[in-house]
Every structure is written in structure tokens, then in C-alpha cells.
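These numbers come from a predicted model, not from an experiment.
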Amino acid sequence: MSEFVLADRPLKSRFLLGTAGYPSPAVLRDAIAASGSEVVTLGLRRQFAGGQGDNGFIEMIRASGAHLLPNTAGCRSAREAVTLAHMARELLATHWVKLEVVGDEHTLQPDPFELVDAAAQLVKDGFEVFPYCTDDLVTCQRLLDAGCRILMPWGAPIGSGQGLINPWALRTLRARLPGVTLVVDAGIGAPSHAALAMELGFDAVLLNSAVAQSGDPVRMAAAFASAIAGGRLGYEAGLIAAQDMAVASTPVGGRPFEI
């Protein structure tokens with residue numbers, strides 16, 4: 001596969017992994033290893049809920065060699081997200097932040113207005129912003145105007161496992177934003193969904209629930225790693241165009257080979 005550079009950081013893996021909802025820290029550690037992921041997300045609000053501290057959780061992730069990508073999950077306004085991002089930078093010593101600002105409680109769909117406002121402020125404050133957004137082209141363009149270099153459009157609502165519910169919109173994003181790093185985030189439920197995202201030309205996939213809530217998170221992490229690598233190789237090799245009618249793969253007249 002071609003080299004993958006994320007926010008100026010060369011990576012071998014195009015698989016970004018979430019860390020919430022695993023049966024135990026040991027299972028999470030083994031899943032990270034099986035995934036080959038070099039970037040893992042961390043919900044700061046969830047991690048420090050109740051004032052219990054990290055209990056060695058953060059150090060365990062760092063020991064895996066993966067780069068931490070703290071997120072602002074649970075935020076409902078730009079102001080709240082900006083405050084949490086600054087806290088993450090201070091506590092975790094990273095200027096990377098996955099920006100989440102939820103606008104609807106039922107679908108957990110991002111609020112495009114608050115998201116753009118927060119992104120613009122965080123970019124001014126020196127953050128590398130990874131905005132979680134919908135597949136709306138105009139919203140994505142506004143985030144780029146705000147200074148984001150990476151976009152993370154959803155495949156489907158968070159945790160739904162529906163896969164890519166609007167491949168046309170994702171295909172349009174890839175075509176209209178050819179030089180932008182695009183990471184499909186949320187809604188992936190099966191390795192085949194991740195492979196399809198890569199076949200569409202996306203640069204990486206971020207997922208959590210499909211691994212953490214599976215019957216065997218470690219094996220599922222390995223399955224996703226293979227699917228993501230295979231999908232990217234297929235995209236780079238050049239997929240054949242879909243046809244409405246059958247097209248013979250061998251000659252139907254004359255001799256296919258001279259004897």
C-alpha cells in the first residue's frame with residue numbers, strides 16, 4: 001500500500017481504533033495489538049467521569065505505541081468542546097483533537113454550526129482538528145475553510161452498525177475533495193463495510209463499537225485490519241467499472257490461444 005501520512009505523521013496502518021466499551025483493559029490492549037492501529041481515540045469526559053482518574057488506562061494505551069487522539073464526545077456546544085479540547089491538550093500533551101459536537105440526541109448527528117465555530121477557534125489555538133461530521137459536502141467545505149486538514153464524515157449514526165448508508169454522498173466527497181485526508185468515522189458494523197469505504201478511496205477508517213461489542217474483540221480487530229488493508233489495495237490496483245450487462249471475460253470467437 002502507499003504511505004499514509006496523518007497530520008504530518010507517517011503511519012503504516014489506516015485503521016484508527018476507539019477504546020470505549022471493551023470487556024477489560026487486557027482485551028483492549030490485545031485488540032489494539034491485533035488491529036495494528038497506531039492511532040487510538042480516547043473520550044476524555046468519559047474517562048474522568050466521577051473524578052476517578054485514569055487508573056493507568058492512558059499509560060496502557062501509550063505503552064502500545066499508539067498515538068492518542070482525545071475526543072470531545074458528549075459536548076453539545078462549541079464552547080464546551082473548546083474547553084474540553086484545551087483540557088485534553090494540557091493533560092495528554094497532544095495538540096490533536098477529534099472534535100465532536102452533537103446536535104441531535106436521537107441520531108447523535110453533529111451540529112454543523114457549532115462544529116464549524118469550534119473548529120475555527122481550535123485551529124486558531126494551535127490544534128490539529130479532526131472534525132466528526134456528516135457526509136454533507138458544504139459542511140465539509142466550511143470545515144476546510146476554518147482550517148481543518150482532515151475530515152471525518154460518518155458512514156452512519158454512531159454505534160448503529162449500518163455501514164455506509166449513503167455511498168453516493170461519500171463518493172461525492174472523495175471526488176470533490178481529492179487532496180483532503182478523509183476518514184470514515186461511525187456506523188461501521190462489519191469488516192465488509194470498512195473494505196467498501198477504502199475501495200471508495202477514503203484514506204482511513206475509525207471505528208469502535210464493531211470491535212469492542214463483538215463476541216471476540218481481538219479477532220474482530222484483526223478481521224478489520226485485513227479488510228481495511230485489502231480495500232485499500234483494491235482501490236490502488238484499480239477496480240473494474242460496474243456494468244449493467246454481462247461482459248465475457250474470455251473471447252467468444254476464434255481461438256483464445258494458438259496451439
Side-chain angles (χ1 to χ4, degrees), residues 6-9 16-21 39-55 57-58 61 67-160 169 173 177 180-187 204 206-209:
L6 184 67
D8 302 322
R9 184 185 179 98
L16 285 63
L17 186 65
T19 57
V39 177
V40 298
T41 63
L42 174 67
L44 192 66
R45 172 180 296 233
R46 181 186 303 112
Q47 186 61 34
F48 291 105
Q52 297 177 357
D54 75 322
N55 297 318
F57 182 80
I58 293 172
I61 294 175
H67 189 87
L68 282 171
L69 176 59
N71 68 53
T72 62
C75 291
R76 300 296 188 270
S77 69
R79 181 177 180 180
E80 189 179 12
V82 168
T83 299
L84 191 60
H86 277 271
M87 184 185 301
R89 183 165 64 180
E90 181 177 348
L91 292 174
L92 303 177
T94 178
H95 69 294
W96 284 17
V97 62
K98 179 187 171 187
L99 179 60
E100 299 183 34
V101 185
V102 170
D104 179 72
E105 296 301 324
H106 180 67
T107 63
L108 299 181
Q109 181 170 325
D111 183 322
F113 304 101
E114 296 292 315
L115 186 67
V116 172
D117 286 348
Q121 183 60 54
L122 289 171
V123 169
K124 289 179 183 178
D125 293 343
F127 285 85
E128 186 73 62
V129 181
F130 297 63
Y132 166 60
C133 55
T134 64
D135 51 20
D136 178 73
L137 175 60
V138 175
T139 299
C140 288
Q141 290 172 327
R142 295 295 174 267
L143 288 165
L144 295 175
D145 293 341
C148 297
R149 298 193 296 166
I150 298 152
L151 299 175
M152 306 184 80
W154 70 359
I158 293 174
S160 68
L173 284 182
L177 307 173
V180 177
T181 299
L182 298 177
V183 180
V184 170
D185 177 18
L206 191 157
L207 59 92
N208 181 75
S209 299

Flag the pair Phe127 / Trp96 as yes when their ring centroid distance falls below 6.0 Å, and as no otherwise. no
With rounding to the nearest 0.5 angstrom, report the CZ to CG distance, Phe130 to Asp185. 11.5 Å
Measure across Ser160 and Ala156 and return the closest heavy-atom pair with its distance rounded to 0.1 Å. OG-CB, 3.5 Å
Spacing of NZ belonging to Lys98 relative to CD1 belonging to Ile150, to within rounding of 0.5 Å: 13.0 Å
Within this structure, what is the CG-OH distance for the pair Leu151 and Tyr132, rounded to the nearest 0.5 Å? 13.5 Å
Could you tell me which non-hydrogen atom of Pro70 sits nearest to which non-hydrogen atom of Leu92, and how far apart they are? CB-CD1, 3.7 Å
Tell me the closest heavy-atom pair linking Ala119 and Cys148, and the distance in Å. CB-SG, 3.8 Å
Carefully, step by step, assess Glu80 and Leu84 under the rule side-chain contact (heavy atoms from CB on, under 4.5 Å). CA-CA 6 Å; Glu80 189 179 12; Leu84 191 60; 5.9 Å; no
Is the closest side-chain heavy-atom distance between Leu6 and Leu16 below 4.5 Å? yes
Does any part of the side chain of Pro131, heavy atoms only, come nearer than 4.5 Å to the side chain of Leu143, both counted from C-beta? yes
Closest non-hydrogen atom pair between Leu99 and Ala81, with its separation: CD1-CB, 3.7 Å
Separation between CG (Leu42) and CG (Leu69), nearest 0.5 Å, reads 9.0 Å
Let me confirm one number: the CE-OG1 distance from Met87 to Thr83, rounded to the nearest 0.5 Å. 7.5 Å
Any side-chain to backbone donor/acceptor pair from Thr72 onto Glu100? Under 3.5 Å, distance only. yes
Check against salt bridge (Lys or Arg N to Asp or Glu O under 4.0 Å), Glu114 and Arg76: CA-CA 8 Å; Glu114 296 292 315; Arg76 300 296 188 270; over 6 Å; no
Taking all atoms of both residues into account, what is the closest heavy-atom pair of Thr134 and Gln109, and its distance? CG2-CG, 3.6 Å
Show every salt bridge (Lys or Arg N to Asp or Glu O under 4.0 Å) that has at least one partner inside residues 120-148, sequence neighbours left out. Glu128-Arg149, Arg142-Asp145
Do the side chains of Val82 and Leu122 get nearer than 4.5 Å, heavy atoms only? yes
Is any side-chain heavy atom of Cys140 closer than 4.5 Å to a side-chain heavy atom of Cys133? yes
Evaluation steps, side-chain contact (heavy atoms from CB on, under 4.5 Å), between Thr94 and Arg89: CA-CA 5 Å; Thr94 178; Arg89 183 165 64 180; over 6 Å; no
Looking at side-chain heavy atoms only, is the closest gap between Gln121 and Asp117 below 4.5 Å? no
Kindly indicate, with the supporting measurements, whether the criterion side-chain contact (heavy atoms from CB on, under 4.5 Å) is fulfilled by Leu17 and Thr41. CA-CA 6 Å; Leu17 186 65; Thr41 63; over 6 Å; no
Evaluate Val97 against Asn71 for side-chain contact (heavy atoms from CB on, under 4.5 Å), listing each step before the verdict. CA-CA 6 Å; Val97 62; Asn71 68 53; over 6 Å; no
Please find the pair of heavy atoms, one from Thr19 and one from Asn208, that lie closest to each other, and give the distance. N-OD1, 3.0 Å
Holding to salt bridge (charged side-chain N to carboxylate O under 4.0 Å, His left out), I want the full list of residues that pass it with Glu90, two or more places apart in sequence or in another chain. none
